[in-house]
Amino acid sequence: MEILVRRNDLVKELQLVQGIVERKNSIPILSNVLVEARSGEILVSATDLDVSLRCGCAAQVVEEGAVTLGAKKLYEIVRSLPESDVSLKVEGDAWARIRCERVDFKMAGLPREDFPTLPEARAGRPVEIPAALLQGLIQRTSFAITAEDARYYLAGALLVLEKEAVSMVATDGHRLAWAQKKAAVKVGEVVRVLVPRKAIAELPRLIEDLGEEETVSFQQGEGHISFAAGGRTLASKIVEAQFPAFEKVVAVTGDKKVTVGREALQTAIRRVSLLSSERGRAVRLSLEDGRLEVSASSPELGEARESLPVGYEGEAVEIGFNAQYILDFLGVAGTDEVALEVKDAESQGLLRPAGEDGGDYRYVVMPMRF
């Protein structure tokens, strides 16, 4: 195998696969990327056996072939090279010679035959999802995915494809984020698939360079799913679990409703939470006629409070929330004002963007004791 490729193009593709590669793995080949040269392009593939990514760029192929090389070290080497054309030639026993101007590296690899077989796209027409829409749904829900692997049925985001809408929902048991956008999607029947956390984290990188009108091709095969865009394909095993019923949760409403400036509330919570308990990060929201007070206290640190003027008239109520949970929502709400609905100190609260058109976004948070 021998190719000539532009340094910047190769760096970009190698950077994309870094999140897929397992750093600490008992199977050495999974720390490598598969590099293939064929038909005027170089293909770079990585997998952890659950999630895989195949990408590539144009190259001058002198001799077709394939080899696997250490993903991190190859990326570091190519990134360190001058901005010029890079020559990559595979010699005997899977050794690779990398040259660029006056720089010369010789790198040990492993045979292509040791690399796992990646899932192939199944026959049939894929479902086209607008890239910007998918990016927005991930941004508004991914932070609510549980970080606990033991709760595997929550270790991903549920993607729902309908003929006139695409939605995504995620929860960690303490909060739930549900977002939906109207879009004409060509599906015969409703598709519901639980996309693993790692695949959700890698998807934005796959589609970040796509234009407003471009789409992502989605396919569901036997035990796996794939997303393809811009010549890159991300494939993942499906989480084989029943996602909790969420429809009644996102339909919850509170009888005490207020609209408040997003940036003002965000700033107040950030400021006040500096004196919240390190363990729970709890802040108290106190709603009464004409104002919303944000406060926090800690026996070791002290207390803080800040009042925001709001157009509320009704019964006073106090409720505690995890400060970071609220900040996560405010960071992606995307509107100047947000709506807060609460019932009492023991019931969940509902947050949503105020006055948003063309979609729906609801964020339900369980209260904290204070």
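A 4.5 Å side-chain heavy-atom check between Glu36 and Glu64 finds every atom pair outside the cut-off. Two residues are said to be in side-chain contact when any heavy atoms from C-beta on lie closer than 4.5 Å; Val127 and Val191 fail this criterion. Val103 places none of its side-chain heavy atoms less than 4.5 Å from the side chain of Ser80. Taking 4.5 Å as the limit, every side-chain heavy atom of Ile269 sits out of range of all side-chain heavy atoms of Phe321. At a threshold of 4.5 Å between non-hydrogen side-chain atoms, the residues Phe246 and Trp178 count as touching. Counting heavy atoms from C-beta outward, Leu292 and Leu285 have side chains that approach closer than 4.5 Å. In this structure the side chain of Arg197 reaches within 4.5 angstrom of the side chain of Ile145, judged on heavy atoms. No side-chain heavy atom of Leu88 sits under 4.5 Å from any side-chain heavy atom of Glu2.
Tyr361 has its ring centre less than 6.0 Å from the ring centre of Phe329.
Hydrophobic clustering (ILVMFWY, side-chain heavy atoms < 4.5 Å, transitive): Val239 and Leu159 are in distinct clusters. Taken together through direct or relayed side-chain contacts under 4.5 Å among Ile, Leu, Val, Met, Phe, Trp and Tyr, Leu154 and Met366 form parts of separate hydrophobic clusters. Under a hydrophobic clustering in which Ile, Leu, Val, Met, Phe, Trp and Tyr are joined whenever their side-chain heavy atoms come within less than 4.5 Å, directly or via other members, Val317 and Val272 fall into the same cluster. The hydrophobic clustering, which links ILVMFWY residues whose side-chain heavy atoms are closer than 4.5 Å, places Val51 and Met168 together. Residues Val61 and Val86 share a single hydrophobic cluster, defined by chaining ILVMFWY side chains whose heavy atoms lie under 4.5 Å apart.
In this structure, Arg6 places its CZ atom where only 12 or fewer heavy-atom neighbours from other residues, nucleotides or ligands lie under 6.0 Å away. Open room surrounds CG on Asp336; 12 or fewer heavy atoms of other groups in view lie less than 6.0 Å from it. Within 6.0 Å of the CG atom in Asp93, the count of heavy atoms belonging to other residues, nucleotides or ligands does not exceed 12. Annotation for Lys198: atom NZ counts as buried by contact number, over 12 foreign heavy atoms lying within 6.0 Å. More than 12 non-hydrogen atoms from other residues, nucleotides or ligands lie less than 6.0 angstrom from CD of Glu208. The number of heavy atoms from other shown groups lying within 6.0 Å of CD (Glu247) is above 12. Atom OH of Tyr152 has 12 or fewer neighbouring heavy atoms from other residues, nucleotides or ligands inside a 6.0 Å radius.
Under the 3.5 Å distance criterion, the side-chain polar atoms of Arg291 are left unmatched by any main-chain donor or acceptor of Pro309. Using a distance-only test at 3.5 Å, with no hydrogens or angles considered, a donor-acceptor pair links the side chain of Thr171 to the main chain of Arg175. Between the Arg262 side chain and the Leu330 main chain, a donor and an acceptor come within less than 3.5 Å of each other. Between the side chain of Gln180 and the backbone N or O of Ser167 there is no donor-acceptor pair closer than 3.5 Å. Between the side chain of Gln18 and the backbone N or O of Leu14 there is at least one donor-acceptor pair closer than 3.5 Å. In terms of modelled atom types and a separation under 3.5 Å, the side chain of Arg112 and the main chain of Thr68 share no donor-acceptor contact. A donor-acceptor pair under 3.5 Å links the side-chain atoms of Lys256 to the main chain of Lys343, judged by distance alone. With hydrogens and angles ignored, the 3.5 Å screen pairs a side-chain donor or acceptor of Tyr363 with a backbone N or O of Tyr325. Between the side chain of Gln60 and the backbone N or O of Val5 there is no donor-acceptor pair closer than 3.5 Å. Looking at Tyr312, its side chain does come within 3.5 Å of a backbone N or O of Glu315 through a donor-acceptor pair.
With hydrogens and angles left out, the side-chain atoms of Ser298 and Glu300 include a donor and acceptor closer than 3.5 Å. Side-chain atoms of Glu341 and Thr253 form no donor-acceptor pair, as typed in the model, at a separation below 3.5 Å. With no hydrogens or angles considered, no side-chain donor-acceptor pair links Glu303 and Ser295 at under 3.5 Å.
Between Arg7 and Pro82 the shortest heavy-atom distance is CG-O, 3.6 Å. Nearest heavy atoms, Ala94 versus Pro111: CB-N, 4.1 Å. Minimum interatomic distance between Leu110 and Asp114 (heavy atoms only, all atoms of both residues): CB-OD2, 4.4 Å. For the pair Ala354 and Thr335, the tightest heavy-atom approach, listed with the atom from each and the gap, is N-OG1, 3.7 Å. Heavy-atom minimum distance, Gln219 versus Pro126: CG-CB, 3.5 Å. Closest of all the heavy-atom pairs between Val250 and Arg362 is O-NH1, 2.9 Å.
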Practice task
Evaluate salt bridge (Lys or Arg N to Asp or Glu O under 4.0 Å) for Glu76 paired with Arg79, printing each intermediate quantity in order.
Solution key: CA-CA 5 Å; Glu76 290 173 345; Arg79 190 176 57 175; 5.2 Å; no

Practice task
Give the intermediate values and the outcome of salt bridge (Lys or Arg N to Asp or Glu O under 4.0 Å) for residues Arg284 and Glu293.
Solution key: CA-CA 8 Å; Arg284 179 191 295 124; Glu293 184 180 86; over 6 Å; no

Exercise for the section: Apply side-chain hydrogen bond (donor to acceptor under 3.5 Å, both in side chains) to the pair Arg99 and Ser87, showing each step before the final yes or no. Expected result: CA-CA 5 Å; Arg99 294 189 179 97; Ser87 169; 5.1 Å; no

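Ion pairing of Glu63 with Lys89 is absent here, as no side-chain N (NZ or NE/NH1/NH2) approaches a carboxylate O to less than 4.0 Å. In this structure, Glu202 pairs ionically with Arg205, as a charged nitrogen and a carboxylate oxygen lie closer than 4.0 Å. Of the charged side-chain nitrogens involved, at least one lies within less than 4.0 Å of a carboxylate oxygen, so that Lys12 and Asp209 count as a salt-bridged pair.
Below 30°, between 30° and 60°, or above 60°: for Phe227 and Phe218 the angle between ring planes is between 30° and 60°, a tilted geometry.
Residue Leu206 is tested with Leu134, Leu53, Thr233 for a side-chain contact (heavy atoms from CB on, under 4.5 Å); the sole match is Leu53.
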